[in-house]
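These numbers come from a predicted model, not from an experiment. Values reported hereafter were calculated over all heavy atoms of this structure, with side chains retained and with hydrogens, waters and symmetry mates removed. We number each residue from 1, following the sequence as shown.
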Amino acid sequence: MASPSFSAPKGTRDVLPAESGRWAALIARFATLADRAGYGLVVSPMFEDLDVFRRVGDATDIVTKEMYDFVDKGGRHVALRPEGTASVVRAYVQHRPTDHPWKAWYAAPNFRYERPQAGRYRQHHQLGVEALGSADPDLDVEVIALQAELYRSLGLTRVDLLVNSMGTPADRAAYARALGAWLTDRIDDLDPADRATVEVNPMRVLDSKREQTRAVTAGAPRTIDSLSAEARAHFERVQEGLRDLGIDHRIEPRLVRGLDYYTHTTFEFQALALESAQNAIGGGGRYDGLAEALGGPATPGVGFGSGIERILLACDAEGVFPAPEHRVDVFVVDVVDGTHARRLTDELRRAGLRADRAFDGRSMKSQMKSADRSGAVVAVIVGDDEAAAGEVTVRELRDGTDQQRVPVGELVDHLRKRL
Ligand code: HAM
């Protein structure tokens, strides 16, 4: 029988060094920014009761068509998380934290059974925040500013921020009805592939990328024209806040986003360096009814999610935030029996230095080659002579060939001074 050959499942990918160094650096950067703004890390399960996600959008593709759901061995119908907000809000409702707003950040995988393509995966990862317990429009501004600062700090410059308002839940419902009627009157003019959506979720039609449909919806009624006074005041305060902080933005009345829970502010950041189908590097908005829909007390909330893969694609396209160089400080070359390399690497690492070595009893020449490849600044060499004298030879690897003998007991101090 031929031996099996496996690869990562369709639509998923392995993140290997050196890309993973950049991945980790991105999460660390985000953790710092979130921490500075008072957000604490929340780690929630990767799967939930299917109904948790049904509540966030049973008329959306994400929930009806793209869910990885299954019945577990105990007969529970569960689903892998397709997005982060529902899990965090479920956790909020379950634990009822009393500090308001309760501010959470996360970096976690999500699963959507989508048609894979560049920048669109079946497992993708999001950095995000959720803030619950305040309806203050300044909190919307804070959340948007945090996201804008993340992109700015990475060096991204070609990023557009689009904002819109869905209004109060009542505004949103009235708008959906009015839009549904307007689209029904023009149903034959829409691209045939979008016609069925008018019935199920008319707002999603605004999001269509199909030319024929876009030509029709260009003249569609706009959410921002039918906002209640309360919603208009909220949206104006958000825009004023963005202007005040110098965050460029543009109102996009057709921005409806792919989830049903949004009220008031919605927003999306688009990377202009990416193909338009996958250029949303992050988005979010308010979801003032979600905690209640998940069985909790009425609690306003706002947040965003930003795709790690897409952020990194945008960085590649703009040539910024390169992978950090992966290298060690010291490479230990042991041509005696490997025992010295075993002890010295351990000692150097405990002293906080990055140290590596070769294995398998290789020749001096072969170990020196590995030392060069490792990017180390110096090689610490132990041969029979050095071992007998209780010393090592420290050889410069990068600039010149300078080398000197150092007693083993003084090696750490010597290297600390030198590196
Ligand atoms: P979303 O717009 O569905 O919103 O996803 C957020 C971001 O995740 C997108 O802008 C994109 O960067 C990335 N993303 C989504 N799907 C994929 C995919 N298949 N492959 C690669 N990247 C992807 C949400 O998920 C909301 N939970 C955001 C939010 C948080 N709203 C309020 N709080």
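Between Val380 and His340 the shortest side-chain heavy-atom distance does not fall below 4.5 Å. The side-chain heavy atoms of Phe267 and Gln147, taken from C-beta on, include a pair separated by under 4.5 Å. Between Leu154 and Phe30 the shortest side-chain heavy-atom distance does not fall below 4.5 Å. Counting only heavy atoms from C-beta outward, the side chains of Phe269 and Ile144 approach each other to under 4.5 Å. Looking at heavy atoms from C-beta onward, Ile311 lies in side-chain contact with Leu150 at the 4.5 angstrom threshold. Within the 4.5 Å cutoff, side-chain heavy atoms of Leu411 are placed close to those of Val394. At a threshold of 4.5 Å between non-hydrogen side-chain atoms, the residues Val163 and Ile251 count as touching. A 4.5 Å side-chain heavy-atom check between Phe321 and Leu312 finds at least one atom pair inside the cut-off.
The main-chain N or O of Arg257 is found under 3.5 Å from a side-chain atom of Arg204 such that the two form a donor-acceptor pair. Thr266 places no side-chain N or O within 3.5 Å of a backbone atom of Gly285 that could act as its donor or acceptor partner. Side chain of Arg120 to backbone of Glu114: no donor-acceptor contact under 3.5 angstrom is found. Between the side chain of Glu318 and the backbone N or O of Thr157 there is at least one donor-acceptor pair closer than 3.5 Å. Judged by distance alone, the side chain of Asp72 and the main-chain N or O of Arg76 form a donor-acceptor pair under 3.5 Å. A donor-acceptor contact shorter than 3.5 Å is absent between the side chain of Arg186 and the backbone of Ala220. For the pair Thr213 (side chain) and Lys209 (backbone), a donor-acceptor distance under 3.5 Å is absent. Between the side chain of Arg349 and the backbone N or O of Arg354, no donor-acceptor pair lies under 3.5 Å. Within the 3.5 Å criterion, the main-chain N or O of Leu272 finds no donor-acceptor partner in the side chain of Asn279.
In summary, the side chains of Asp191 and Ser208 do not present any donor paired with an acceptor at a separation below 3.5 Å, with no hydrogens or angles considered. With hydrogens and angles left out, the side-chain atoms of Ser370 and Arg362 include a donor and acceptor closer than 3.5 Å.
Under a cut-off of 6.0 angstrom, the local environment of NE2 in His326 is sparse, with at most 12 non-hydrogen atoms contributed by other residues, nucleotides or ligands. Counting heavy-atom neighbours within 6.0 Å of Phe47 CZ, excluding the residue itself, gives a total of 12 or less. Within 6.0 Å of the OH atom in Tyr68, the count of heavy atoms belonging to other residues, nucleotides or ligands exceeds 12.
How far OG1 of Thr184 is from CD of Glu199: 7.0 Å, rounded to the nearest 0.5 Å. To the nearest 0.5 angstrom, Ile281 atom CD1 is 12.5 Å from Ile308 atom CD1. Rounding to the nearest 0.5 angstrom, the gap separating the CZ atom in Arg416 from the CG atom in Leu348 is 9.5 Å. With values rounded to the nearest 0.5 angstrom, Asp356 atom CG is found 8.0 Å from Thr345 atom OG1. The distance from atom CE of Met166 to atom OH of Tyr261, rounded to the nearest 0.5 Å, is 12.5 Å. Remark: Leu183 CG to Arg195 CZ distance equals 12.0 Å, nearest 0.5 Å.
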Glu149 vs Arg152, salt bridge (charged side-chain N to carboxylate O under 4.0 Å, His left out): CA-CA, chis, key distance, verdict = CA-CA 5 Å; Glu149 176 57 14; Arg152 194 203 59 77; 2.9 Å; yes
Verdict with reasoning, Arg357 to Asp334, per salt bridge (charged side-chain N to carboxylate O under 4.0 Å, His left out) = CA-CA 8 Å; Arg357 56 166 293 194; Asp334 177 347; 6.0 Å; no
query = How far apart are the C-alpha atoms of Arg327 and Asp329, what are their side-chain angles, what is the distance that settles it, and do they pass the salt bridge (charged side-chain N to carboxylate O under 4.0 Å, His left out) test?
reply = CA-CA 7 Å; Arg327 59 170 195 85; Asp329 301 314; 3.7 Å; yes
ask   = So Val141 and Leu242, side-chain contact (heavy atoms from CB on, under 4.5 Å) or not? Walk me through it.
value = CA-CA 6 Å; Val141 175; Leu242 294 176; 4.3 Å; yes
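Every residue was checked against the salt bridge (charged side-chain N to carboxylate O under 4.0 Å, His left out) condition with Arg395, not counting sequence neighbours, and none meets it. By the salt bridge (charged side-chain N to carboxylate O under 4.0 Å, His left out) test, Glu396 pairs with Arg418, sequence neighbours left out. Contacts of Arg373 classified as salt bridge (charged side-chain N to carboxylate O under 4.0 Å, His left out), with partners at least two apart in sequence or in another chain: none.
Because its NZ or CZ atom is not both nearer than 6.0 Å to the ring centre of Phe53 and within 45° of the ring axis, Arg81 does not count as a cation-pi partner of that residue.
Counting only residues at least two apart or in different chains, side-chain hydrogen bond (donor to acceptor under 3.5 Å, both in side chains) contacts with residues 167-179 comprise Thr168-Asp171, Asp171-Ser228. The stretch residues 130-142 participates, sequence neighbours left out, in these side-chain hydrogen bond (donor to acceptor under 3.5 Å, both in side chains) pairs: Tyr39-Glu142, Thr85-Glu130, Lys103-Glu142, Tyr106-Glu130, Glu130-Tyr287, Asp138-Arg237, Asp140-His234, Asp140-Thr265, Asp140-Arg286.
A salt bridge is absent between Arg54 and Asp69; no separation between the charged side-chain nitrogens and carboxylate oxygens falls under 4.0 Å. Salt-bridge check for Arg342 with Asp346: failed, with every basic side-chain N at 4.0 Å or more from each acidic carboxylate O. Look at Glu240 and Arg243 and you find no salt bridge, because none of the NZ, NE, NH1 or NH2 atoms lies under 4.0 Å from a carboxylate O. A salt bridge is defined here as a Lys NZ or Arg NE, NH1 or NH2 lying under 4.0 Å from an Asp or Glu carboxylate O, and Asp260 with Arg55 fails to meet this definition.
The minimum heavy-atom distance between Leu179 and Pro221, with the atom names listed, is CD1-CD, 4.2 Å. Residues His124 and Pro82 share a closest heavy-atom pair of CE1-O, 4.2 Å. What you find for Arg310 and Gln278 is that their closest heavy atoms are CD-O, 3.3 Å.
Ring geometry for Trp102 versus Tyr92: interplanar angle of 30 to 60°, hence tilted.
In summary, of the residues considered (Leu227, Val238, Asp288), a side chain to side chain contact (heavy atoms under 4.5 Å, CB included) with His264 occurs for Asp288 alone.
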Extract all donor-acceptor atom pairs below 3.5 Å that involve side chains of residues 6-14 and protein atoms in other chains or at least two apart in sequence.
unit_1	atom_1	unit_2	atom_2	d
Thr12	OG1	Pro9	O	2.6
Arg13	NH2	Glu19	OE1	3.0
Arg13	NH2	Glu19	OE2	3.2

